[in-house]
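The structure appears right after this line, and notes come after that.
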Amino acid sequence: MNNTISFPLEKRSKSRWQFLLGELKPKGKMFTWFNIISLPIMLLGLVLIVIRFWKGIGSITNLTQEVPWGLWIGFDVVTGVAFAGGAYVVTFMVYILNMQKYHSIVRVTVLNGFLAYVFYAGALLLDLGRPWNVINPIIGNGFGTSSVLFLVAWHFLLYMIAQLIEFSPAIAEWLGARRARRILSGMTLAAVIFGITLSTLHQSGLGALYLMAKEKIHPLWYSEFIPILFFVSSIFAGLSMVIFEGSITHKVFSDQISKKNHHAHSNILNGLSKICAGTMFAYFFLQLIVFVHGKRWEYLGTTMGNWYLIEMLGFVLLPMMLYFYSYRSNNVFLIKVASVVTMLGIIVNRLNVTVIGFRWDAATHYVPSWMEIVVTLAVIFTEIWIFRWVINRMPVLRESPSWAGEKH
Amino acid sequence: MSINRRNFFKVIGATGATFALGKDAKAKPTNEEVTEFKAILYDSTRCVGCQSCEFSCAEANNLPEPTDYPEVGKIRKTDETRRTVVNAYETSKGEVYVKRQCMHCNEPACAAACLTRAMHKTSGGPVIWREDKCMGCRYCMVSCPFDVPKFEYHSANPEITKCTMCAERQQNGQIPACVENCPAEALVFGTRRELIAEARKRIAENPELYYDHIYGETEAGGSSFLYLSPVPFEEIGFNTGLQKSSYPALTKGFLYSVPAVFVLWPMILLGIQDATKNNQKNADHTDEK
C-alpha cells in the first residue's frame, strides 16, 4: 500500500523527465509464461508487417478480389470494437445512471476500451492498401459524407479522444499534476456523454457498413436490422469482456486492489450478469423477430441453417440462461463461464456476418492465412503489454493518491 | 409569448411563401446546359467474341494483352490486369458472347461507400477512381453488387482498378476504346436516354431475336452499361436477383438517423444524469453495509 502513494511524493525530489525515464523501465519478472509465449509472436508479427508493407497485402493474407475484407477487419476491428463496448456501457451506468456500485471498474474498463480502439484502429492501418492517405477524410481531401465508413472513421478518432479525456485524471494522478487533474476531471461528464453518443452510432455503424453487401451475405445474417443488432449485442459483448477481463486482472494484479474493492467485485459481477441476461434476452427476441420477419425458416436444415441455430441457441440462448441462473444463484464461477461463452458467441456472430457468411456461395472460400492470425495475435499481445505497463504505474486498479481527494 | 389566430396565419403564410419561392429559385439551373449521362449499349446478339474490345482496352490503359480467349464452360473474370472480358455461354439459343466490365451505375454503391470520394460518379456518366484520394480500404469492393473494383494485392503502392468508360478519352472528344474498335457494332456509345430508346426499338422490331429486357435499365437503380440478350439474362451469367432500387439507398435510413441521434442522445443522457443525481448519496450509505 505504501508504495502506491510514494509516486507523487518521489516526483517532487526528481525532475519529471527522470521520473518518466524511470517509469519506462520494465517492472516485475521478465520470464513469465505470458512473456515467453507473447514475445516471439510479437516479433514474428513485426516481421510479417514489414513484409506486408514491402510486398503488398496479398503477400501475407489470403484475401481475394471477391472477399476484400478478412480476419483483420472481421475480427480485429468489427469484433474487437464490440468487445470494447464495455467502456461506454459502464460509463453510462456510473456517470449517467449514477450506479456508484460500479465506480471501481470504470478506469480499468475505459483504459481497456481506449487501448482496444487504438490497437484496432492500428490494425486497420495494416489493412489499408494506401495508409498514407488515411488522413484524407479528416483533412477533407474528399469528405465522403454518404459513406458509413466515413462516419465510422470519424467516430473512431473522436471516441479515442473522448476516452483519453475520460481516462486522463489517472494519468494526471500518476504524474502528480494536481491542477491538470482538477481540470481534466471536470471534463469527464462531457466526454462521457459525447462518448456514449458516438458509441451508439459507430457500434451500429459497423453493422451498417455491410448493408450494401445485400446479396453477398447469407440471408440468415443479412437484414436491414444489422445496425440495431450490432448495437444491442455490443452492450453484452462489452460487459462480458469486462467480466472476463476483470476476473483475470483481479488474479494477476491482486496486489493492487484494495480489500474493499476485492470484496465488492463479486457483487459487481453479479450486477453485470443481470444486465447481460437482460440485454441478451432483448437481443434474442430481436433476432427472433428478424427471423420471422425475413421468413428465414426456409434456410433451416441447410448447413448454414444449422450453423445459424448453433449460434442462436448455443451462443445466445445458452449463455443468456447461464447469466440468468448464475445471477439468481450468485455463482461467480458460472458468471465467468457465461462471459466466455457469450464472447465466443460474439466472435461467431461477427465473423458470420463479415467472413463466414460473406460470399458463402463463392467457389473458393476465404480462409485466413496463418500469417494473418499471427499478426492479429501480435496486435492483441502488444495491447496487453501496454495495458500491463499502464496498470503497473497509474492508479487504475489501485486507489488514487490521497491528494486526489474523492475516489476516482 | 402568445400567438393569436391572425399572427399564426401570418407566420404560416410567410413560411409557405419562403418554401415556394425557395423551391422556385432552386429549380432554376445555374448552368443552362443540362448534361445527360453518357452510356454504352452492348448487344450480345451482334457480338462475335473477337476480343477486339479486350485488346483495345488493354492498349488504351497500358495493360498486358489478353492471352486466353472466350470458351464455353470457362468463366473469365476481370482483374487488376484486365478491365473487360468476353465470355461464351451455351444457351437455349446457342452460343452467346457476353462482354463484362464496370456497369457505371447511376447511383454507384462504390462511390457512396467511398469515404474519401476517390470513387466518383462524374456528371457525364463514367465512374472513375482517383489515386490521390484513395486510402485502399476496399469498401468499394465490399459494396459493389457486380464485384467490379479490383485491388492490386501484390503491390506496395496498390491501386483500385476498373473500367473508367475511357473518361479521359471522352474529355478529349473521343469515344471509349472498346466501342471505337468493335467491328461487329455490338457496342454503341451515346446518351443513356437515346440508347434505351434504341434498345427498345431493336426489341420491338425483332421480338424473336431478343429477350424482352434491357439489363441495366433498372438493375441497381439503373446503369450506364445497357445489355441486350437473346436469352434470359441468368443464362448468360448475370445476377438477375439484384434489387431494382439503388444500393446507396440501403444505407440512407441509417445515415439519416445520425444527426437525430447526435442531437437527441446528449439531451436524453443529460436528463437522466440529472434525474439520478441523488442515487450517489444513497449509494454511499448502502456501501457501508
Side-chain angles (χ1 to χ4, degrees), chain A residues 53-59 61 63-66 68-69 92 95-101 103 124 127-134 136-137 141-153 189 192-194 196-197 200-201 204-205 208-216 224 227 264 358, chain B residues 77 79-80 109 111-118 130-139 141-145 147 149-160 239 241-243 247-248 250-251 253-255 257-258 261-262 265-266 269-270 272-273 276-280 283-284 286-287:
Chain A
F53 280 106
W54 178 28
K55 296 257 184 181
I57 293 174
S59 58
T61 70
L63 294 173
T64 64
Q65 302 291 358
E66 280 81 28
W69 283 0
F92 174 72
Y95 292 107
I96 304 296
L97 297 181
N98 279 305
M99 298 161 90
Q100 293 306 315
K101 178 175 151 187
H103 209 135
L124 202 62
D127 200 68
L128 290 183
R130 310 163 64 82
W132 50 90
N133 277 344
V134 72
N136 276 353
N141 188 5
F143 283 135
T145 44
S146 61
S147 169
V148 180
L149 193 59
F150 178 77
L151 174 117
V152 171
L189 183 64
V192 163
I193 288 176
F194 191 48
I196 295 168
T197 309
T200 312
L201 287 169
S204 48
L209 281 180
Y210 287 86
L211 283 177
M212 280 200 282
K214 193 180 175 188
E215 283 85 15
K216 300 183 182 182
E224 64 263 50
F358 191 88
Chain B
K77 286 180 175 169
D79 56 35
E80 60 270 41
C114 185
L115 76 168
T116 61
R117 299 197 169 179
R130 296 182 286 189
E131 184 177 5
D132 59 320
K133 294 179 188 290
C134 175
M135 60 163 80
C137 71
R138 307 189 294 287
Y139 187 32
M141 300 167 72
V142 170
S143 302
C144 175
D147 271 339
K150 305 292 173 188
F151 181 75
E152 294 176 331
Y153 280 109
H154 291 278
S155 163
N157 182 13
E159 294 185 0
I160 298 279
N239 185 349
L242 295 183
Q243 62 169 28
Y247 276 73
L250 291 168
T251 53
F254 175 77
L255 288 170
S257 73
V258 171
V261 171
F262 243 110
W265 245 229
L269 293 174
L270 268 176
I272 300 173
Q273 198 267 341
T276 58
K277 251 180 192 163
N278 290 333
N279 288 8
Q280 205 157 344
D284 284 342
T286 47
D287 262 8

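Letters go in sequence order (proteins before strands), and every chain restarts at 1.
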Is a side-chain N or O of B:D147 found less than 3.5 angstrom from the main chain of A:E66, in a donor-acceptor match?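 Not confirmed, B:D147 side chain does not pair with A:E66 backbone.
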Does the A:T197 side chain pair with the main chain of B:V261, one donor and one acceptor, at a distance under 3.5 Å?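 Between the backbone of B:V261 and the side chain of A:T197 there is no qualifying donor-acceptor contact (under 3.5 Å).
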Taking B:M135 as the fixed residue, which of A:V134, A:L124, A:L149 is the one that meets the side chain to side chain contact (heavy atoms under 4.5 Å, CB included) rule? A:V134
By the definition side chain to side chain contact (heavy atoms under 4.5 Å, CB included), identify the one residue from A:N141, A:N136, A:N133 that meets it with B:D132.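 Exactly one pass, corresponding to A:N141.
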Closest-packed option against chain B by number of heavy-atom pairs under 4.5 Å, given A:K214, A:K216, A:E224: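 Result: the option with the highest number of such pairs is A:K216.
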If I measure from the heavy atoms of chain A, does [X] come under 4.5 Å with its side chain, its backbone, both, or neither?
X      : value
B:L270 : both
B:F151 : both
B:A111 : backbone
B:S155 : backbone
B:C114 : backbone
B:I272 : both

State, with a plain yes or no, whether a side-chain heavy atom of A:F150 is found less than 4.5 Å away from one of B:R117.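 A:F150 vs B:R117: side chains apart.
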Nearest atoms (heavy-atom pairs only) where B:A156 meets A:F53: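 For B:A156 and A:F53, the tightest heavy-atom pair comes out as CB-O, 3.5 Å.
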Which answer fits A:L151, side chain, backbone, both or neither, if we ask what part of it has an atom under 4.5 Å from a heavy atom of chain B?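 Contact with chain B involves the side chain of A:L151 alone.
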Please work out which of the three classes, parallel, tilted or perpendicular, describes the rings of B:Y139 and A:W69, given edges at 30° and 60°.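 Judged by the thresholds at 30° and 60°, the geometry between A:W69 and B:Y139 is parallel.
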